[in-house]
Amino acid sequence: MKKYLVDLFSKASEKLPYLKEIDYVLSVPNQKSHGDYAINAAMILSKKLKRNPREIATEIIENLEFDKAVIEKVEIAGPGFINFYFTSSYIPSIIKEILEKNEKFGRSKKYAGKKAMVEFISANPTGPLTVGHGRNAVIGDTVANLLEWIGYDVDREYYFNNAGRQMRVLGDSVRLRYLELLGKETTFPEDYYQGEYIKEIAAKLINEHGDKLINEDAEGIFKQTAEKEIFADIIKTMSAIGIKMKNFFNEHTLYDDGKITSLLEEFKKKNLSYEKEDAIWLKLTELGNEQDKVIVKSTGEPTYRLPDIAYHITKFERGYDLMIDLFGSDHNATYPDVLAGLRALGYDYEKVKVLIHQFVTIMQKGEVVKMSTRKANYITLDELVEEVGADVVRYFFNMRSITSHLNFDLELAKKQSDENPVFYLQYAHARIASILRMVKEQGLDSSLEHLELLTQPVEQDLLKKFFEFPNEVLLSAENYEVHRIAIYLEELAALFHRFYTECRIIGSEKNLAEARISLSIATQTILRNGLSILGVTAPERM
RNA sequence: GCGCCCAUAGCUCAAUCGGAUAGAGCAUCAGCCUUCUAAGCUGAGGGUUAGUGGUUCGAGUCCACUUGGGCGUACCA
């Protein structure tokens, strides 16, 4: 429907050039009495042309060459909206398109040939993934799915750092637990990693090596084993919620390749850095940021900024047209430095899109749980998946705008898992599957012959909803708004449940029954496609 | 202090780049299964969109200020 109108208007703009000069919006009115689609062009033009909007609207309508078999009526309403009403015989034609495209319905080729990378999770291997990482993981994977749906060739990448102070402390934490388990006298510092998993790794080392390691230092086998074990755990957790990375990028390789050194020299050569108090500073103030920042400490070790910039350069070198970085809000101060660095070196930093999602607040027994890997005060993503299942976890993190703080009451999530909206969607899908099994036994089949019989209000509402799906996918993907899909699917499922209650298939006249079967299949197809974007399963039975 | 994000029904959240009468779920109340899955459907109650001012045909949405919250503001990542 929308496409039909867009074509109509672009044709009309040949005769009315002023239509080309404005960004009008075609939208579905939230009031049924305002038609199937409305356009605000006349109101926008009114200011520009200094004419009465209703008068302009009349002129526009006179120049629209529409087919009476498609559009039933056009009217001017309110302050100057033009409302379009489609014919009830045109609307069901969407079913043919859905059945034909099947699992491809909703996909587009708008960005075909472009390469995108989504970098997400990127947690250093110092402990298990927490619920906080879960939000990042799910959103990142879904954004990647969405980009694939609009034509991008997408890579998923995990960036990590297995060097530095954090990791030294990790290794030493394991070492101390190891000694402790062997009955040695030790004191375990408060700011070391307190989690149980450290003890498990230490126990594993005792199993394999007995007490032969008591004189090893923290940086060796302790750190390496810790990293290996923790990563294995992280990958297991990711796969439990259906996430598969194409690539794990180790920060350390940037040093080995000499990329850090050459970047440092380039900054120097371009006079973008200077030395002060034995450290090297980047002239960020000259690049428009608040203050200069250290890129190499007085100890000679780079800060995270240098490798981060070098890392992004590798993304450019790998030829991505779009680079998504997904961070939690605790990183919101770091990315402007990286972007400024890239800009200074002449990279098209607008290809880098930084998404910041707000935190997940965990409520337990009515209190906020402060999450900290160091203090072992966290709920792991694994525990969450075990409690409520992967589908609920994926849906939960996908159903809300990333800018909103997420309030997660654990008790409530467990208790109400049966009432979670994800079941509402899955139930609609399973219900259709069940209907299809049933009608088959009755010897009925789907048919496109008499779609014009779908005239009930709820049938028409459902059909109109179908039209919106491709555009909804496009908008969600271009704006990185995963939650729009969830909301759309809930509305679609609600319409189907209403249809199910009001209209029967078995027992209806044959032509009508077969048209309704087609309607059901089309609904099921969109539900399945939408759920697959969100990474949620579409069950045949519940 | 400064920067980013947020404030919408009792609770958790929506609201199509500024659109027409602000919507869902949960919770509460009242109904609907001898025929395709009741994890469903129908109806009711519930709102000064935190506050004040501004911009315009039109503001939950944009701007300014105020209040209240989250995250930052490192020679940690």
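Each chain gets a letter, A, B and so on, in the order the sequences are listed, and its residues count up from 1. Small disclaimer: the values here were computed from a predicted structure and weren't measured.
Residue contacts for A:Ile506: at a heavy-atom cut-off of 4.0 Å it reaches a base atom on one of the strands shown. Residue contacts for A:Ser401: at a heavy-atom cut-off of 4.0 Å it reaches the sugar-phosphate backbone alone, with no base atom in range. Residue-level contact check: A:Ser434 touches the bases, meaning some heavy atom is under 4.0 Å from a base atom. Within the 4.0 angstrom heavy-atom criterion, only backbone atoms of the sugar-phosphate kind lie near A:Met438; the bases stay farther away. Using a 4.0 Å heavy-atom cutoff across all strands shown, A:Ala433 reaches no nucleic acid atom at all. Contact annotation for A:Ser298: base contact, defined as any heavy-atom pair under 4.0 Å involving a base atom. Residue contacts shown for A:Asn83 include a base, since a base heavy atom lies under 4.0 Å away. Across all strands shown, A:Val296 has no heavy atoms under 4.0 Å from either base or sugar-phosphate atoms. At the heavy-atom level, A:His405 lies under 4.0 Å from base atoms of the strands shown. Residue A:Glu301 is out of contact with every strand shown, counting any heavy-atom pair closer than 4.0 Å. Residue contacts shown for A:Ile356 are absent, as no nucleic acid heavy atom lies under 4.0 Å away. Contact annotation for A:Asn332: base contact, defined as any heavy-atom pair under 4.0 Å involving a base atom. Using a 4.0 Å heavy-atom cutoff across all strands shown, A:Ala428 reaches no nucleic acid atom at all.
Here the C1' atom of nucleotide B:A22 and the CD atom of A:Glu491 are 14 Å apart, to the nearest Å. Rounded to whole Å, atom P of B:U56 lies 14 Å from atom NZ of A:Lys50. Atom pair A:Phe359:CZ and B:G72:P shows a separation of 6 Å (rounding to whole Å applied). A:His429 places its NE2 atom 20 Å from the P atom of B:C36, with the value rounded to the nearest Å. Atom CG in A:Leu475 sits roughly 12 Å away from atom P in B:A15 (whole-Å rounding). One atom, CD1 of A:Ile121, and another, C1' of B:A77, lie 17 Å apart when rounded to the nearest Å. Taking atom CD of residue A:Glu251 and atom P of nucleotide B:C76, one finds them 13 Å apart after rounding to whole Å.
Put simply, the side chain of A:Ser520 reaches to within 4.5 Å of the side chain of A:Phe496, judged on heavy atoms. In this structure the side chain of A:Asp308 never reaches within 4.5 angstrom of the side chain of A:Arg305, judged on heavy atoms. You'll find the side chain of A:Tyr488 reaches within 4.5 Å of the side chain of A:Ile526, heavy atoms only. For the pair A:Glu301/A:Arg165, no side-chain contact is recorded, criterion being any heavy-atom separation below 4.5 Å from C-beta on.
A glycosidic torsion no more than 90° from 0 defines the syn conformation; B:C36 lies beyond that range and is anti.
Here the side chain of A:Ala333 is nearest to one of B:C6, B:G72, B:G19, namely B:G72. Nearest nucleotide to the side chain of A:Tyr427, out of B:A20, B:A39, B:C17: B:A39. With B:C57, B:A77, B:C41 as the candidates, the nucleotide lying closest to the side chain of A:Arg498 is B:C41. The listed nucleotides are B:A14, B:C71, B:C41; the one nearest the side chain of A:His497 is B:C41. Here the side chain of A:Asn30 is nearest to one of B:A20, B:A39, B:C36, namely B:A20. Relative to the side chain of A:Arg400, the nucleotides B:U21, B:C13, B:U37 differ in distance, and B:C13 lies closest.
Taking only distance into account, the side chain of A:Glu502 never meets the base of B:C41 through a donor-acceptor pair shorter than 3.5 Å. Evaluation of atom-type donor-acceptor distances gives no pair under 3.5 Å for the side chain of A:Asp330 against the base of B:G72.
The minimum heavy-atom distance linking A:Ala486 with A:Met399 is given by the pair CB-CA, 3.8 Å.
The aromatic ring of A:Tyr424 does not sit over the base of B:A39, since the test of centres under 5.5 Å and planes under 30° is not met. Stacking annotation: A:His483 is not stacked on the base of B:A14 (requires ring centroids less than 5.5 angstrom apart and an interplanar angle below 30 degrees).
With respect to the salt-bridge test (charged N to carboxylate O, under 4.0 angstrom), the residues A:Glu441 and A:Arg437 do not qualify. Ion pairing of A:Lys110 with A:Glu478 is present here, as a side-chain N (NZ or NE/NH1/NH2) and a carboxylate O approach within less than 4.0 Å.
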